[in-house]
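Structure first, commentary second.
Please read these numbers as outputs of a predicted model, since none were measured by experiment. Excluded from the calculations below are hydrogen atoms, water molecules and symmetry mates; all remaining heavy atoms, backbone and side chain alike, are included.
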Amino acid sequence: MPNRSTARKSASRTKTRAPAGSSAPAGSSKRRKKPVRKWSGRVTATSDALDLEHDVFKQRSATAIARSLKRSAERSHRRKSDPYRSAMSMLVFYINRAGRNLSAPRRRTLEAAKDELRKVFGRAG
């Protein structure tokens, strides 16, 4: 027969668990923010590519994405190449980085944005 005092002691010693997928240690109430370890995040933040508008790739219209990229490329002082090449590189970089996580309709919109980008820069293709 188990001793009641022993049962109480073991029950009081259990720690609360952090939610599944949490990076916080068990029993901790504060979550620590992990540093960005992916090279793509570092490239986006520190490269001499473009100063993009916020959420430019979340726009629904391929034309709006292309116009925004053109505007950003022409205004940016961080780019090393000509505006067309910088804008197209950033669009391709985003598509490649997203990989299989892009839905089919989203991928079609971004691929159409490439064609629109060629049009707004007056390039044949």
Side-chain angles (χ1 to χ4, degrees):
M1 184 169 356
N3 188 353
R4 286 185 174 179
S5 63
T6 312
R8 285 184 193 148
K9 285 181 182 177
S10 63
S12 65
R13 286 187 207 165
T14 58
K15 291 184 178 180
T16 57
R17 287 188 170 172
S22 170
S23 62
S28 173
S29 62
K30 292 183 181 179
R31 288 187 175 182
R32 289 185 179 164
K33 209 172 191 180
K34 286 188 174 181
V36 178
R37 293 185 183 176
K38 300 190 182 213
W39 66 269
S40 56
R42 189 180 70 247
V43 167
T44 304
T46 63
S47 75
D48 289 328
L50 289 180
D51 294 317
L52 295 176
E53 293 177 12
H54 186 65
D55 289 339
V56 63
F57 297 113
K58 291 184 180 179
Q59 296 179 18
R60 291 183 178 217
S61 166
T63 306
I65 293 170
R67 286 182 183 160
S68 177
L69 284 170
K70 180 181 182 189
R71 187 169 41 252
S72 295
E74 289 175 340
R75 291 180 182 173
S76 179
H77 297 288
R78 292 177 60 198
R79 63 179 165 78
K80 291 182 179 179
S81 186
D82 65 299
Y84 169 74
R85 189 170 172 185
S86 293
M88 186 63 80
S89 293
M90 191 55 83
L91 179 56
V92 170
F93 175 76
Y94 180 80
I95 293 169
N96 291 343
R97 191 179 89 181
R100 294 183 182 200
N101 295 326
L102 277 179
S103 64
R106 192 76 206 129
R107 182 173 295 279
R108 278 195 300 273
T109 301
L110 293 170
E111 291 292 338
K114 286 188 198 177
D115 294 331
E116 289 296 325
L117 196 58
R118 289 183 192 104
K119 284 181 190 175
V120 296
F121 274 103
R123 304 277 178 119

Could you walk me through whether E116 and R67 pass side-chain contact (heavy atoms from CB on, under 4.5 Å), step by step? CA-CA 8 Å; E116 289 296 325; R67 286 182 183 160; over 6 Å; no
Salt bridge (charged side-chain N to carboxylate O under 4.0 Å, His left out): pairs with one or both residues in residues 83-92, sequence neighbours excluded: none
What distance separates I65 CD1 from K58 NZ, expressed to the nearest 0.5 Å? 12.0 Å
Mark yes or no for whether S68, through its side chain, and A64, through its backbone, hold a donor-acceptor pair below 3.5 Å. no
Show me the side-chain donor-acceptor pairs of residues 105-113 shorter than 3.5 Å, one per line, residues at least two apart or across chains.
residue, atom, partner, partner atom, Å
R106, NH1, Q59, O, 3.2
R106, NH2, F57, O, 2.2
R106, NH2, Q59, O, 2.9
R107, NH2, G99, O, 2.6
T109, OG1, P105, O, 3.0
E111, OE1, K114, NZ, 3.2

Residues in salt bridge (Lys or Arg N to Asp or Glu O under 4.0 Å) contact with R71, at least two apart in sequence or another chain: E53
Smallest heavy-atom separation, L117 atom then L69 atom, equals CD1-CB, 4.1 Å
Once rounded to the nearest 0.5 Å, what's the spacing between atom NZ of K70 and atom NZ of K119? 14.0 Å
Show me the pairs that pass ring pair (Phe, Tyr, Trp, His ring centres under 6.0 Å) and involve residues 59-79, at least two apart or across chains. none
